[in-house]
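Here's the structure, in structure tokens; my notes come after.
Please read these numbers as outputs of a predicted model, since none were measured by experiment. Index from 1, following the sequence.
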Amino acid sequence: MHRLALYFRLVRLDKPIGILLLLWPTLAALWLASEGRPDWALLAIFTLGTVLMRSAGCAINDYADRDFDRHVKRTAERPLTSGRIAAWEAVAVAAVLSLIAFLLILPLNTLTKQLSVAALLIAGSYPYFKRFFAIPQAYLGIAFGFGIPMSYAAVQGTVPPAAWLLLLANVFWAVAYDTEYAMVDRDDDLKIGIRTSAITFGRFDVAAVMLCYAASFALVFLVGWHYGLRAWFVAGLAVAAGCAVYHYTLIRGRDRMRCFAAFRHNNWLGAAIFAGIALDYAFR
């Protein structure tokens with residue numbers, strides 16, 4: 001049971017914020033692709049798959065960063081970094097979770113399976129982008145948003161331009177919220193040589209976060225309007241914009257804990273956008 005508790009912490013099931021940041025865009029894509037009537041089997045598959053793949057991604061991330069995390073105050077006590085589990089265990093956990101996720105989508109069409117392979121490769125390679133890519137949060141946005149094209153593929157058998165616009169919107173959103181997250185660790189990351197958007201943006205970090213929120217909202221608005229979504233959808237976007245303004249009040253002083261609070265609050269921002277989409281379809 002002690003070992004299972006360590007694995008539970010390894011895959012961050014004690015911190016579900018990451019799951020929710022993946023889940024809201026995926027659910028939004030399912031609703032849009034199915035015109036508000038998603039198949040409940042698909043809903044179950046994508047929800048469970050999101051949990052499994054985010055958990056696998058955490059295990060791989062900790063494996064890749066095991067020699068860096070010990071120098072960061074926030075991550076020094078993670079099970080792998082602190083030596084309570086071995087590196088091979090993290091890889092094994094990630095492999096098992098990824099296999100279960102793939103088994104879930106076996107009943108789905110070929111395109112969805114092909115996209116799942118791409119999603120796995122992107123998720124597995126993300127931790128290494130921090131070694132050389134100036135804004136790895138953009139790559140994270142692709143990894144966290146790949147449920148969007150997969151949802152369209154599962155429902156429609158194709159991935160239309162609207163799905164790629166939603167994925168791009170997710171990239172901007174991820175850069176916004178993960179820059180807030182990176183602002184927490186900026187001093188430690190500078191010491192150990194990790195590349196993050198908070199470092200790249202420098203003194204323009206707060207402005208960059210707000211511009212990324214604005215770009216994400218604009219793209220989501222274009223997609224929703226294209227699908228004929230109106231009052232409830234716009235209301236959801238307005239609530240999300242209000243969340244972004246609240247985040248500005250938290251991060252403008254660059255206090256570590258307030259930046260972390262802004263990151264965590266993005267759950268409500270994503271939930272507001274999804275709720276607007278779902279309610280607009282429900283009240284038609």
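Residue pairs satisfying the side chain to side chain donor-acceptor pair (under 3.5 Å) criterion with at least one member in residues 163-177, sequence neighbours excluded, are listed as follows: Trp173-Asn266.
Ring planes of His265 and His247: perpendicular class, angle over 60° (limits at 30 and 60°).
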May I have the step-by-step check of side chain to side chain donor-acceptor pair (under 3.5 Å) for Tyr7 and Glu89, ending in yes or no? CA-CA 9 Å; Tyr7 293 157; Glu89 292 179 271; 2.5 Å; yes

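Judged by distance alone, with hydrogens and angles left aside, the side-chain atoms of Thr200 form no donor-acceptor pair with the main-chain N or O of Ser197 at under 3.5 Å. Gln156 contributes a side-chain N or O that, together with a main-chain N or O of Ala33, makes up a donor-acceptor pair within less than 3.5 Å. Side chain of Thr249 to backbone of Tyr246: a donor-acceptor contact under 3.5 angstrom is found. Between the side chain of Arg12 and the backbone N or O of Leu10, at least one donor-acceptor pair lies under 3.5 Å. Side chain of Thr179 to main chain of Val209: no donor-acceptor pair is present (N/O by atom type, distance under 3.5 Å, no hydrogens or angles). Between the side chain of Thr112 and the backbone N or O of Ala154 there is at least one donor-acceptor pair closer than 3.5 Å. No donor-acceptor distance shorter than 3.5 angstrom exists from the side chain of Arg284 to the backbone of Tyr281, with no hydrogens or angles considered. Under a 3.5 Å cut-off, the side chain of Arg54 and the backbone N or O of Phe144 do not form any donor-acceptor pair. The backbone N or O of Cys212 lies less than 3.5 Å from no partner atom in the side chain of Ser216, so there is not a single donor-acceptor pair.
Ring centroid separation for the pair Trp232 and Phe283 comes in under the 6.0 Å cut-off.
Evaluation of the ring-ring contact (aromatic ring centres under 6.0 Å, His included) rule for Phe8 yields no partner, not counting sequence neighbours. Partners of Arg254 by salt bridge (charged side-chain N to carboxylate O under 4.0 Å, His left out), not counting sequence neighbours, listed by chain and number: Asp205. Scanning for side chain to side chain donor-acceptor pair (under 3.5 Å) contacts around Asp65 gives Lys130, Arg131, with sequence neighbours left out. Listed by chain and number, the residues in a side chain to side chain donor-acceptor pair (under 3.5 Å) with Thr47 amount to none (sequence neighbours excluded). The side chain to side chain contact (heavy atoms under 4.5 Å, CB included) test applied to Val51 returns Leu13, Ile19, Ser55, not counting sequence neighbours.
Taken to the nearest 0.5 Å, the CZ atom of Arg37 stands 12.5 Å off from the CH2 atom of Trp31. With rounding to the nearest 0.5 angstrom, the CG atom of Leu103 is 11.5 Å from the CD1 atom of Ile45. The CZ atom of Arg78 sits 14.5 Å away from the CZ atom of Arg66 when rounded to the nearest 0.5 Å.
Between Thr26 and Met150 the shortest side-chain heavy-atom distance does not fall below 4.5 Å. The closest side-chain heavy-atom distance from Phe263 to Ile17 is below 4.5 Å.
In plain terms, the two heavy atoms of Ala169 and Val220 that are nearest each other are CB-CG2, 3.8 Å. When all heavy atoms are compared, the tightest approach of Glu77 to Ser82 is O-OG, 3.9 Å. For the pair Gly18 and Leu22, the tightest heavy-atom approach, listed with the atom from each and the gap, is O-CD1, 3.0 Å. When all heavy atoms of Cys259 and Met183 are compared, the pair lying nearest together is SG-CE, 3.7 Å. Nearest heavy atoms, Leu80 versus Asp62: CD2-O, 3.3 Å. The minimum heavy-atom distance linking Leu30 with Pro38 is given by the pair O-CB, 4.3 Å.
Cluster membership for Ile100 and Val117, using ILVMFWY side-chain heavy atoms within less than 4.5 angstrom, is not shared.
Side-chain contact, Thr196 with Tyr181: no donor N or O sits under 3.5 Å from an acceptor N or O.
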